[in-house]
Amino acid sequence: MNSRESLTSWQKLVNHSAEMKNQHMNDLFKENKHRFDDFSIKLPSMLLDYSKNLLTEETITLLLDFAKECQLELWREKMFSGDKINSTEERSVLHTLLRDRSEEPFILDKQNIKQDITNALNKMKAFTDCVRQGKWQGYSGKRITDVVNIGVGGSNLGPQMVTEALKQYSDNSVNVHYVSNVDGTQIANVLRPLNPEKVLFIVSSKTFTTTETMTNAQTAMKWLVAASFDSSAISKHFVAVSANKTNALEFGIAAENIFDMWDWVGGRFSLWSAIGLPIALDLGFDKFIELLEGAYEIDQHFQKAELNENAPVILALISVWNCTFLGAKSQAILPYDQSLHMLSAYLQQAEMESNGKSVSWDGDDISYPTVPSIWGELGINGQHAFYQYLHQSNNVIPADFIGSIQSATPVQGHHETLMANFFAQTQALMQGVDEEQVRADLCAKGRSEEYIDNVAPHKVHQGNRPSNSILMKRISPKSLGSLIALYEHKIFVQGILLKICSFDQWGVELGKGLANKIQQELVNSEINVEHDSSTQGLIGYYMKSLF
Ligand code: F6P
């Protein structure tokens with residue numbers, strides 16, 4: 001038995017979950033008129049309402065006991081103080097330090113890494129000011145108008161999600177584009193309308209080994225050199241962000257154009273570092289700092305608030321409650337704010353790459369369900385696509401609803417419609433509608449008894465479907481920083497509760513290795529490895545059809 005399952009609190013939660021499965025949230029709301037006050041947390045930039053979950057005071061008490069038995073507070077301390085909690089990669093986990101703007105030094109492996117961060121931020125500021133003010137010139141002396149970020153996973157999703165979310169804060173000094181896919185269609189489409197004289201490429205790769213990114217960067221370099229007839233143009237049009245300086249130099253990036261990154265920042269937690277360069281170029285350095293400040297606010301809250309009032313802790317406990325104890329397998333992220341249209345894609349990597357694992361940090365098999373699969377879409381679009389499933393399928397899918405009190409771009413009459421749907425959907429998922437009510441409604445409409453018998457079962461909604469509601473005051477650089485940090489810490493806490501090493505990603509390596517071998521076969525047009533018959537057949541069919 002994994003040691004989590006042998007904890008007293010775990011056993012109590014197992015027993016309690018058996019009782020709670022027979023409860024309906026409608027009754028819980030009737031029994032406790034203060035549920036909203038009891039189960040919500042107000043933060044400076046947002047409100048978290050978690051009352052529409054199948055839980056009571058007792059549930060929260062048991063979950064908090066569980067967190068304490070898992071020594072959550074000790075692990076939190078370990079993370080912030082730089083212990084090498086990424087044990088399989090023997091690394092510290094210090095993305096939080098990137099947003100700590102205090103003067104205090106931070107010594108890691110005998111080095112003051114706070115100074116490294118300050119230097120990196122200063123370099124970012126000087127560079128972004130230079131580009132945005134038109135002082136950085138391309139090979140023909142023209143100012144930069146377009147920035148193309150080449151990177152994938154953590155070197156793409158965070159910056160792109162933030163760029164999309166904060167579009168209304170951009171002064172359009174430069175246009176920012178993203179290329180992540182090795183499918184040539186993407187880079188071809190991005191480059192087609194651009195003028196090579198005015199384009200700046202950021203090659204963003206922590207390892208500087210990622211095949212997709214390297215392939216796209218090579219294509220971009222060829223495109224530039226073909227237009228400029230001069231390889232010295234590269235230093236005017238290419239910068240890199242990487243922890244692997246050697247590879248970046250070898251690739252042809254000028255030493256002074258390399259922005260540092262460090263192995264104590266995980267790729268999916270890296271938008272706060274120079275990986276966030278496209279954000280700073282788009283919005284200006286000051287707004288990038290506001291993003292960091294918003295995250296820092298949540299770092300402080302996470303470190304200082306009591307566990308029962310600690311938003312990331314509560315979100316993580318609810319996730320574990322819903323998934324591990326009540327059996328949910330999937331989690332929907334449903335933004336009711338257009339600017340957050342990439343949030344679910346971002347959180348997919350953040351949560352699934354971190355905690356989608358089935359071995360504990362001791363190397364034991366985990367027998368209990370861990371984290372759900374994360375998916376989602378803008379709520380309104382989802383309502384007209386997959387909400388049918390959320391309301392009436394026999395899979396219960398907990399959902400996070402995220403909306404803003406003030407629209408970033410107010411258009412008369414829109415915001416009320418948007419938010420009415422937000423509130424109504426969480427209510428409908430929770431309350432449902434029983435057969436008695438369905439029959440009464442149909443009867444009131446004058447429907448025949450035969451029709452009612454026929455249709456009533458199809459109109460019943462069981463309800464009792466859990467959701468969290470996050471109401472942002474408004475999406476701004478600062479509040480967005482807070483929202484991202486909220487989820488980052490939730491993910492960390494989930495890992496501790498489930499005994500998962502959240503900061504490695506070995507599960508992406510096997511496929512990468514096989515792809516490298518198969519790529520050689522495709523390039524050489526010969527299969528030289530014995531594959532299973534399906535893979536062999538597919539490669540063979542592909543090759544035959546090519547020629
Ligand atoms: O393949 C997964 C991954 O390693 C992610 O963890 C990472 O964010 C992404 O690839 C990109 O890695 P890099 O920044 O080293 O190119």
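Excluded from the calculations below are hydrogen atoms, water molecules and symmetry mates; all remaining heavy atoms, backbone and side chain alike, are included. Note that ligands are numbered from 1 as they come in the structure, with each ligand's atoms numbered from 1 the same way.
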**OP:** Answer yes if the ring centres of Phe127 and Trp136 are under 6.0 angstrom apart, and no otherwise.
**Re:** yes
Original post:
Which pairs count as ring-ring contact (aromatic ring centres under 6.0 Å, His included) when at least one residue sits in residues 238-258, sequence neighbours excluded?
Top reply: Phe201-Phe238, Phe208-Phe251
Subject >> Those atoms of ligand 1 less than 4.0 Å from some heavy atom in Lys206 >> reply: 13 (P), 14 (O), 15 (O)
Original post:
Is Arg76 positioned over the aromatic face of Phe302, cation under 6.0 angstrom from the ring centre and no more than 45 degrees off axis?
Top reply: yes
**OP:** Check ligand 1 against Ser205 and write out every atom of the ligand that is under 4.0 Å from a heavy-atom position of the residue.
**Re:** 13 (P), 14 (O), 15 (O), 16 (O)
Original post:
Are side-chain heavy atoms of Phe503 and His95 found at a separation under 4.5 Å?
Top reply: yes
Original post:
Honestly, is Arg99 close enough over Trp272, meaning NZ or CZ under 6.0 Å from the six-membered ring centre and within 45° of the axis?
Top reply: yes
**OP:** Taking salt bridge (charged side-chain N to carboxylate O under 4.0 Å, His left out) as the test, write out the residues that go with Lys357, two or more places apart.
**Re:** Asp504
Subject >> Under 4.0 Å to a heavy atom of Val508 - the qualifying atoms of ligand 1, by number >> reply: 1 (O), 2 (C)
Original post:
Under 4.0 Å from ligand 1, counting heavy atoms only, is it the side chain of Gln505, its backbone, both or neither?
Top reply: side chain
Original post:
Can you tell me the protein heavy atom closest to atom 8 (O) of ligand 1 and the distance?
Top reply: Gly154 N, 2.7 Å
Subject >> Atoms of ligand 1 close to Thr207 [distance to a heavy atom under 4.0 angstrom, numbered from 1] >> reply: 13 (P), 15 (O), 16 (O)
Original post:
Is it true that Phe325 and Tyr368 have ring centroids separated by less than 6.0 Å?
Top reply: no
**OP:** Name the closest protein heavy atom to atom 14 (O) of ligand 1, giving the residue it belongs to and the distance to 0.1 Å.
**Re:** Ser155 OG, 2.7 Å
Original post:
Short list, please: which atoms of ligand 1 are under 4.0 Å from a heavy atom of Thr210?
Top reply: 12 (O), 13 (P), 15 (O), 16 (O)
Original post:
Numbering the atoms of ligand 1 from 1, which are under 4.0 Å from a heavy atom of Lys512?
Top reply: 1 (O), 4 (O)
Subject >> Atom indices of ligand 1, in the order listed, that fall short of 4.0 Å to a heavy atom of Val152 >> reply: 9 (C), 11 (C)
Subject >> Minimum-distance protein heavy atom relative to atom 6 (O) of ligand 1 >> reply: Glu353 OE1, 2.8 Å
Original post:
When rounded to the nearest 0.5 angstrom, what is the spacing between CD1 in Ile527 and CG in Leu522?
Top reply: 8.5 Å
